[in-house]
Amino acid sequence: MPDKTNLFHKYLFADCIRCDMASAGSAEVLQELLGMIKQRVPAMDIDAAMREVLAREEIFPTIITEGLAVPHARLTEISEPLVAVAILP
């Protein structure tokens with residue numbers, strides 16, 4: 001039987017989902033995603049988090065297909081996974 005303790009939905013909250021994001025470029029989208037996470041983790045430094053995410057993307061881009069990417073990084077202020085999702089028009 002699979003371990004069900006690390007299910008994706010445990011790390012995704014309604015206030016970290018945007019279905020109408022108007023940002024045009026990837027940096028702006030990342031900034032908005034990190035802003036949503038900051039609401040849940042006030043101690044997080046958005047600029048430092050952005051640097052970590054961009055550094056991770058430099059090593060190995062997380063683009064899955066056109067229009068779908070999963071940028072991520074490990075941040076000391078966040079002890080467990082936290083997911084933010086954006087859907088652009």
Separation between CG (L82) and CD1 (I37), nearest 0.5 Å, reads 5.0 Å
Residues at least two apart in sequence or cross-chain that pass side-chain contact (heavy atoms from CB on, under 4.5 Å) with I59, listed by chain then number, are none
Residue pairs passing the side-chain hydrogen bond (donor to acceptor under 3.5 Å, both in side chains) test with at least one member in residues 39-48, sequence neighbours excluded, are D15-R40
d(S26 OG, I63 CD1) to nearest 0.5 Å is 8.0 Å
One should read off an interatomic distance between L34 CG and L75 CG, to the nearest 0.5 angstrom, of 8.0 Å
Is any side-chain heavy atom of M36 less than 4.5 Å from a side-chain heavy atom of L33? yes
Rounded to the nearest 0.5 angstrom, the CD1-CZ distance for I87 and R18 is 11.0 Å
Output for pair (M44 CE, M50 CE), nearest 0.5 Å, gives 10.0 Å
*Is atom CD1 of I17 surrounded by more than 12 heavy atoms (other residues, nucleotides or ligands) closer than 6.0 Å?*
yes
query = Would a distance-only check, ignoring hydrogens and angles, find a side-chain to backbone donor-acceptor pair under 3.5 Å from E32 to V29?
reply = no
- Message: Using the rule that Ile, Leu, Val, Met, Phe, Trp and Tyr join whenever any side-chain heavy atoms are under 4.5 Å apart, tell me whether Y11 and F8 fall into a single cluster.
- Response: yes
Rounding to 0.5 Å, atoms CG (L30) and CD1 (I46) come to a distance of 11.5 Å
So if you build clusters from Ile, Leu, Val, Met, Phe, Trp, Tyr with side-chain heavy-atom gaps below 4.5 Å, do V83 and V41 land together?
-> no
Residues pairing under side-chain hydrogen bond (donor to acceptor under 3.5 Å, both in side chains) where one sits in residues 71-89, two or more places apart or in two chains, turn out to be R56-H72
